[in-house]
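Numbers here simply count residues along the sequence, with the first being 1. Numbering of ligands and ligand atoms starts at 1, following listing order.
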Amino acid sequence: MAPRYCVKPYSIDAAEPGMEIGRMVLTQDDKVILSEGTILTESMLQGLRFWNINTVFIKEILSSTSKIDFSIPETAVQKKFYAEYETTVNVVKNSFSKIRFFKDVPLTDMQELANKSIEPLINSTGVINHLNMVRRQDDYTFHHSVNVAIISGLLGKWLGCTSSELKDLVLAGLLHDIGKTQIPLEILNKPGKLANDEMKVMQQHTTRGYKLLQEKPDLPAGVVHGILQHHERSDGSGYPLAVQGTQIHKYAKIIAVADIYDAMTSDRVYHRKSTPFAVVEMIVEEMFNKLDPEVVSVFLHNVRDYFIGNIVELSDGRQAEVIYLGQFMAARPIVLTEDKEYIDLERDKALSIVKVVSA
Ligand SMILES: [Fe+2]
């Protein structure tokens with residue numbers, strides 16, 4: 001049987017003469033320095049250092065034909081998280097159904113839910129990964145409200161908010177779509193794209209939410225602004241008032257990022273869930289001028305750490321572990337496949353991540 005090969009990254013200091021180059025080496029401006037199959041010599045290594053190349057991919061014979069077993073049993077922390085998360089979502093479901101009928105938000109109950117049920121979930125180790133693994137095809141609005149509360153709270157922590165700001169932010173995240181309880185169910189639950197006039201009704205959820213909470217004298221103004229303005233965008237392209245930059249409250253800017261990330265990573269009736277890797281990249285490429293740059297930077301910087309170690313499925317069907325993320329290209333990390341090949345997806349554009357298997 002012919003030997004099987006894998007391609008493995010080596011730092012330039014660990015590479016030695018006699019090793020075989022497994023992947024073409026390019027300069028920053030894409031000039032080929034060494035082609036695949038070249039046997040390294042001492043002078044070539046000096047040349048690579050001259051070009052500031054820090055990593056080379058080396059071809060190695062696989063010592064064994066066995067595959068890596070990526071199956072990871074669910075941990076006690078995950079089980080606890082999922083159980084408490086489901087309980088919280090059910091409480092939200094019951095409360096929101098009552099709000100639809102009575103048109104009154106039980107503020108004390110909501111504050112208690114934010115403080116006693118959602119804050120512990122925010123502080124759970126690996127929270128972003130747990131959220132990515134939660135199945136949520138049904139009851140989207142209720143899952144989404146809890147997820148946005150959790151992600152907004154995390155973002156607030158990363159941004160250095162005070163504990164009283166965090167309480168307000170989590171409450172605002174939980175209630176950000178509360179106005180949807182006043183939108184007709186046939187529009188809210190319509191499968192497929194909304195028509196223009198239906199979209200206008202749907203967008204009223206921001207002002208409807210504001211109206212529901214207007215009468216609550218004890219509610220901090222920031223919470224109300226977070227709810228009213230979470231679809232406003234820094235470049236003035238948002239709604240309901242198309243305000244810009246500094247006119248948008250900090251809580252609304254934080255909720256906007258949490259809302260987009262959660263909506264894009266969720267399975268919906270009308271769109272397939274994107275991987276968190278692709279969503280993070282989309283936020284950088286397409287949304288940067290619409291969102292607050294500080295909030296986006298802090299989000300990306302922190303969320304990337306959760307992706308290392310995720311087990312993903314590649315477009316060729318193989319499973320792989322994410323082992324390194326480049327500075328910006330979160331969607332195309334370096335992965336180690338089940339058959340022990342290291343692949344830099346940034347260079348191997350024919351392959352992509354299609355889903356997260358476990359996180
Ligand atoms: Fe919304």
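Contact check for Val170 versus Asn115: no side-chain heavy atoms found under the 4.5 Å cut-off.
Between Phe307 and Phe277, the ring planes lie tilted relative to each other; the angle falls in the 30° to 60° range.
For His205, the N, O or S atom with the smallest separation from the Fe ion (ligand 1) is NE2. The atom name of the N/O/S atom in His231 closest to the Fe ion (ligand 1) is NE2. Counting just the N/O/S atoms of Asp177, the one with the shortest distance to the Fe ion (ligand 1) is named OD1.
Among the atoms of Asp259, none of the N, O or S atoms falls under 2.8 Å from the Fe ion (ligand 1). With a cut-off of 2.8 Å, the Fe ion (ligand 1) has no N, O or S atom of His176 in range.
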Subject >> Audit row: Asp235, Ser237, side-chain hydrogen bond (donor to acceptor under 3.5 Å, both in side chains) steps and yes/no >> reply: CA-CA 6 Å; Asp235 60 359; Ser237 63; 2.7 Å; yes
**OP:** Could you give me the CA-CA distance, side-chain angles and deciding distance for Asp197 and Lys200, then say whether salt bridge (charged side-chain N to carboxylate O under 4.0 Å, His left out) is met?
**Re:** CA-CA 5 Å; Asp197 54 336; Lys200 284 205 177 100; over 6 Å; no
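Using a cutoff of 4.0 Å between basic side-chain nitrogens and carboxylate oxygens, Glu198 and Lys190 are scored as salt-bridged.
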